[in-house]
2 protein chains.
Amino acid sequence: MTVLFSKKCELALQSVLYLSILPKGTIESADNISKQIKAPREFVSKILQSLTDVDIIKSKKGKFGGFSLAKDPKEIKLIDIITAIDGDYVFDSCVMGFPGCSDENPCPMHEKWAKLREESLQMLSTNTLADLYEITKRKIEKI
Amino acid sequence: MTVLFSKKCELALQSVLYLSILPKGTIESADNISKQIKAPREFVSKILQSLTDVDIIKSKKGKFGGFSLAKDPKEIKLIDIITAIDGDYVFDSCVMGFPGCSDENPCPMHEKWAKLREESLQMLSTNTLADLYEITKRKIEKI
DNA sequence: TTTTTTTAAGACAAAAAATTCCGATATTAG
DNA sequence: CTAATATCGGAATTTTTTGTCTTAAAAAAA
Ligand code: SF4
Ligand code: SF4
């Protein structure tokens, strides 16, 4: 298997992107969200719970309850969602898993990967939900 | 978890890189290789078996048996090892896992990732074991 | 207040990935 | 030939990840 983010993380990104195109303040139930992104409801629900813990989204119980963004889409960077789910070591760990890794003793692919990793991290750290608004909207509508 | 290659694939890369710095034709046992890369012997052994199936390395049974490169390090591209273990869909699948993915209907991160993915694939497709010789040697010696 | 709806929390189950075990077979040395 | 050493192939086990269920608690409506 070759994967960049865990399933949880993928679904977290999808869910939050979905929330980000709804009118500001909209509360959407886990049920609706899961239907939209075509993923198991209970699983999505669980993932969203952990995003509320880090204040990316907020939840409301009871009738007409659900989840909504906790802040402005401009304030939510993609990397925030990723680290919330997959941890902060995200771009620290290595593609090669070579033992004894350090700057003085880099593994054969270090130099080659370092650039790509840095670019990826950069991309995820600069882009916010707001930046993806248009294309997210187009995508969601067509699913 | 955030991972690019599976554990198997990482160990495959490490094992083959190790073989590539040994004098041409050297036969090394799974036991030695696993010690060198500090990984479970039986697991390494299993992984090496599947690499023999695709003629990246060859094996020899019996006393003084083991594994050795099946061809010149110049002929073995990194991507060959990766596809042998993780399959050819390696860079086809997506970071986002958005449903309904297609060129006309790309997901929000498509454009941003496409470039990075292409660069990664390019890097893995152009580099051979021979290209990494010097740094691999330095790395292995220091582990 | 009672009912309905929805999240919260945690145990539980299933699936996938990683790792080990074992019996068979091949190879070489003595 | 026999003993020793390795890979081979497949089953079995363990661990991690993914996904489900069940019960409780909160909120709104009746
Ligand atoms: S040296 Fe670089 S490429 Fe190698 S294991 Fe460490 S971080 Fe990864
Ligand atoms: S559109 Fe691009 S980024 Fe999105 S799921 Fe498809 S390949 Fe991945």
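Here the structure is a predicted model, which is why all the values come from computation and not from measurement. Throughout, a chain's letter reflects where its sequence line sits, starting with A, and its residues are numbered from 1. Any value given below was found using the heavy atoms of this structure, including those in side chains, with hydrogens, waters and symmetry copies removed.
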Pull out every residue in residues 21-33 of chain B that has a heavy atom closer than 4.0 Å to any atom of DNA chain D, ordered by number, or say none. B:S29, B:A30

Using heavy atoms and a sub-4.0 Å distance, could you list which residues of residues 49-58 of chain A are near DNA chain D? By number, please. none

Atom pair distance, as rounded to whole Å: [atom1] in [X] and [atom2] in [N]:
X     : N      : atom1 : atom2 : answer
B:I37 : C:dT19 : CD1   : P     : 11 Å
A:D86 : D:dT17 : CG    : C1'   : 11 Å
B:R41 : C:dA18 : CZ    : C1'   : 17 Å
A:E10 : D:dT18 : CD    : P     : 9 Å
B:L48 : D:dC8  : CG    : P     : 9 Å
B:K7  : C:dT20 : NZ    : P     : 12 Å
B:K38 : C:dA18 : NZ    : P     : 21 Å
A:F67 : C:dT5  : CZ    : P     : 18 Å

Between D:dT20, C:dA18, C:dT7, which one does the side chain of B:F43 approach most closely? C:dA18

Under the criterion side-chain contact (heavy atoms from CB on, under 4.5 Å), I'd like the reasoning laid out for A:F67 against A:N32: C-alpha separation, chi angles, the key distance, then a yes or no. CA-CA 10 Å; A:F67 298 90; A:N32 278 348; over 6 Å; no

When you check every protein heavy atom under 4.0 Å of nucleotides 22-30 of chain D, what one-letter string (B, S, -) results, 5' to 3'? ----BBSS-

Quick one: salt bridge (charged side-chain N to carboxylate O under 4.0 Å, His left out) partners of B:E119, sequence neighbours excluded? A:K115, B:K115

Residue pair A:A84 / A:L51: nearest heavy atoms and the distance that separates them: CB-CD2, 3.9 Å

Going through the distances and angles, do B:V44 and B:L48 end up as a side-chain contact (heavy atoms from CB on, under 4.5 Å)? CA-CA 6 Å; B:V44 169; B:L48 293 177; 3.7 Å; yes

What residues form a side chain to side chain donor-acceptor pair (under 3.5 Å) with [X], not counting sequence neighbours?
X      : value
B:D55  : none
B:N127 : A:K112
A:S45  : none

Quick note, salt bridge (Lys or Arg N to Asp or Glu O under 4.0 Å) partners involving residues 14-34 of chain A, not counting sequence neighbours, are A:D31-A:K35, A:D31-A:R41

Could you give all pairs that pass the salt bridge (Lys or Arg N to Asp or Glu O under 4.0 Å) test and reach residues 58-74 of chain B, with sequence neighbours left out? B:D72-B:K74

Quick one: does A:F43's side chain get under 4.5 Å of A:I47's, heavy atoms only?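 Result yes, sub-4.5 Å side-chain heavy-atom pair found.
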
Partners of B:F64 by side chain to side chain contact (heavy atoms under 4.5 Å, CB included), sequence neighbours excluded?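 Scan of B:F64 (side chain to side chain contact (heavy atoms under 4.5 Å, CB included), adjacent residues dropped) gives none.
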
Partner set under side chain to side chain contact (heavy atoms under 4.5 Å, CB included) for B:K77, not counting sequence neighbours: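 For B:K77 the side chain to side chain contact (heavy atoms under 4.5 Å, CB included) partners, ignoring immediate neighbours, are B:I79, B:D80, B:T128.
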
Transitively linked via ILVMFWY side-chain contacts under 4.5 Å: A:I21 with A:I27? no

When you compare the protein's N or O atoms with those of nucleotides 10-13 of chain D, which come within less than 3.5 Å of each other, and at what distance?
unit_1	atom_1	unit_2	atom_2	d
D:dG10	N7	B:K46	NZ	2.6
D:dG10	O6	B:K46	NZ	2.6

Is B:S45 close enough to D:dA6 that one of its side-chain N or O atoms is under 4.0 Å from OP1 or OP2 there? no

Looking at B:S6, is its backbone amide N or carbonyl O close enough to the side chain of B:D86 to form a donor-acceptor pair, meaning the two atoms are under 3.5 Å apart?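 Such a contact is found between B:D86 side chain and B:S6 backbone.
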
